[in-house]
There are 2 protein chains.
Amino acid sequence: MITDMADNSHESAGSASAAPPELRASTGYLLTRLGAESRRRWARMLAAHGMTPHHYGALMTLENVKVTHQQHLAELIGVDPRNAVSVVDFLERQALIERTRDPADRRRHTIRLTAEGRTTVETLRRAGEGIERDILDGLTGDEQLALHTLLQRLFEVTVDR
Amino acid sequence: MITDMADNSHESAGSASAAPPELRASTGYLLTRLGAESRRRWARMLAAHGMTPHHYGALMTLENVKVTHQQHLAELIGVDPRNAVSVVDFLERQALIERTRDPADRRRHTIRLTAEGRTTVETLRRAGEGIERDILDGLTGDEQLALHTLLQRLFEVTVDR
DNA sequence: TATTGTTATACTCTATAACTATA
DNA sequence: TATAGTTATAGAGTATAACAATA
């Protein structure tokens with residue numbers, strides 16, 4: 001359960017008294033708030049590894065797609081291509097990814113994980129499992145599965161594709 | 001459905017090709033991404049009304065709790081009390097809320113909606129319904145309800161209380 | 001001493017325009 | 001003329017420290 005609500009965060013996730021249920025009538029509001037809370041916890045953990053959520057998202061995505069180019073990667077992680085430049089720059093400097101010119105289209109930068117990148121993404125995934133458990137702990141196993149399935153469906157029909 | 005993915009947003013929600021399913025293994029990742037997308041759409045709509053998500057969150061929350069003080073409001077909307085000052089300042093300048101000293105504890109600022117504030121929150125809620133429909137359109141009615149229920153449960157056990 | 005609210009500041013995230021090089 | 005990537009910049013969002021008034 002949320003064991004460390006009195007931690008160093010200055011966001012007020014640990015409210016003293018709950019708002020009435022009617023307040024949370026909008027699914028969009030709940031998504032926004034819960035997304036922010038999830039991002040906050042991930043960001044705190046990743047910062048200890050010198051990373052941001054976008055860095056991790058890029059590594060995780062690359063682990064899946066194996067090879068892609070920069071613009072496509074930006075789309076997959078939900079970041080504007082212009083803002084993705086610094087993300088990719090950072091990961092390349094850390095030698096977690098490698099960026100090479102695509103000979104077929106010399107405008108493109110082919111991107112793939114390095115061996116070190118694969119190790120790092122695995123380490124971060126492990127570290128994230130605790131956060132995941134902590135956030136979902138208040139739900140039953142069935143509820144956790146149902147939520148995941150619905151979020152995945154929603155992701156497919158809104159963000160992705 | 002998502003009719004305007006080729007709009008003025010420079011976030012890349014409208015991806016050309018989908019990532020493999022394994023990519024979306026983490027519920028926390030899905031929450032983060034979907035929350036960001038929801039916030040993005042709300043922010044775009046609210047900006048047309050000269051507002052931010054926090055402004056709307058504060059108005060909506062006040063409509064529910066009727067009367068509270070600044071620190072408590074900050075907790076309810078998930079913003080650090082120090083960062084909530086400018087939010088409350090803004091809403092007071094727009095005459096959407098009124099802020100008065102609590103006679104019982106003169107450190108506290110009692111906050112409540114004005115009549116104009118109530119009108120505004122209703123207007124914004126209406127404007128938000130389209131966004132809500134748009135985001136959830138790909139799900140069936142049953143799925144929408146199930147998702148809402150689960151998010152509300154999750155909100156209660158993590159963010160709230 | 002602790003709490004409510006405030007001011008100030010820095011840092012991250014997001015949005016946007018203008019540019020280079022390739023196609 | 002369009003696309004991949006880059007540079008630069010401004011604004012919104014978040015985190016943090018130090019402070020005044022009041023309890």
Side-chain angles (χ1 to χ4, degrees), chain A residues 6-13 16 32-33 35-44 46-48 50-58 68-75 77-90 92 97 99-111, chain B residues 6-13 16 32-33 35-44 46-48 50-58 68-75 77-90 92 97 99-111:
Chain A
D7 65 8
N8 61 341
S9 171
H10 279 263
E11 286 290 331
S12 300
T32 301
R33 288 289 303 275
E37 180 60 23
S38 177
R39 181 190 182 87
R40 197 137 49 215
R41 297 184 190 200
W42 273 90
R44 211 143 59 211
L46 290 169
M51 295 217 169
T52 70
H54 283 331
H55 295 142
Y56 176 64
T68 185
H69 60 98
Q70 204 165 309
Q71 198 117 158
H72 187 215
L73 177 63
E75 286 171 357
I77 64 176
V79 175
D80 183 89
R82 289 168 289 193
N83 297 328
V85 173
S86 61
V87 174
V88 174
D89 280 350
F90 173 87
E92 189 185 33
I97 65 169
R99 176 156 53 170
T100 53
R101 284 274 172 202
D102 180 349
D105 182 344
R106 295 184 50 242
R107 291 173 305 181
R108 291 190 166 182
H109 279 170
T110 299
I111 299 178
Chain B
D7 63 9
N8 60 341
S9 170
H10 280 262
E11 286 290 332
S12 301
T32 301
R33 287 289 303 275
E37 181 59 25
S38 177
R39 181 188 183 88
R40 197 137 50 215
R41 297 185 190 199
W42 273 90
R44 212 143 59 211
L46 290 170
M51 295 217 168
T52 70
H54 282 333
H55 295 142
Y56 176 64
T68 185
H69 60 98
Q70 204 166 309
Q71 197 118 160
H72 186 215
L73 178 62
E75 286 171 356
I77 63 176
V79 175
D80 183 88
R82 289 168 288 194
N83 296 328
V85 174
S86 61
V87 174
V88 174
D89 281 351
F90 173 87
E92 190 185 34
I97 66 170
R99 177 158 51 170
T100 54
R101 283 274 173 202
D102 180 349
D105 182 344
R106 295 185 49 241
R107 290 173 306 181
R108 290 188 165 183
H109 279 170
T110 299
I111 297 178

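Convention: sequence-line order gives letters A, B, ...; per-chain numbering from 1.
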Rounded distance in Å - CD (A:E75) to P (D:dT3): 12 Å

Rounded to whole angstrom units, what separation is found between the CZ atom of A:R33 and the P atom of D:dG13?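 In whole Å, D:dG13 P lies 14 Å from A:R33 CZ.
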
Side chain of [X] (C-beta onward), nearest among [options]:
| X | options | value |
| --- | --- | --- |
| B:N83 | C:dG5, D:dG5, D:dA15 | D:dA15 |
| B:T52 | C:dT14, D:dG13, C:dT7 | D:dG13 |
| B:P53 | C:dG5, C:dT16, D:dG13 | D:dG13 |
| B:R108 | C:dT4, D:dA8, D:dT7 | C:dT4 |

[X] side chain near [N] phosphate (N/O to OP1/OP2, under 4.0 Å):
| X | N | answer |
| --- | --- | --- |
| B:H109 | C:dT6 | yes |
| B:Q71 | C:dT4 | yes |
| A:H69 | D:dG5 | yes |
| A:H54 | C:dT12 | no |
| B:R39 | D:dG13 | yes |

B/S/- along nucleotides 18-23 of chain C (protein heavy atoms under 4.0 Å) is B---BS

Test salt bridge (Lys or Arg N to Asp or Glu O under 4.0 Å) applied to B:R99 - qualifying residues, sequence neighbours left out: B:D89, B:E92

Is the shortest side-chain heavy-atom distance between A:R101 and A:R108 below 4.5 Å? no

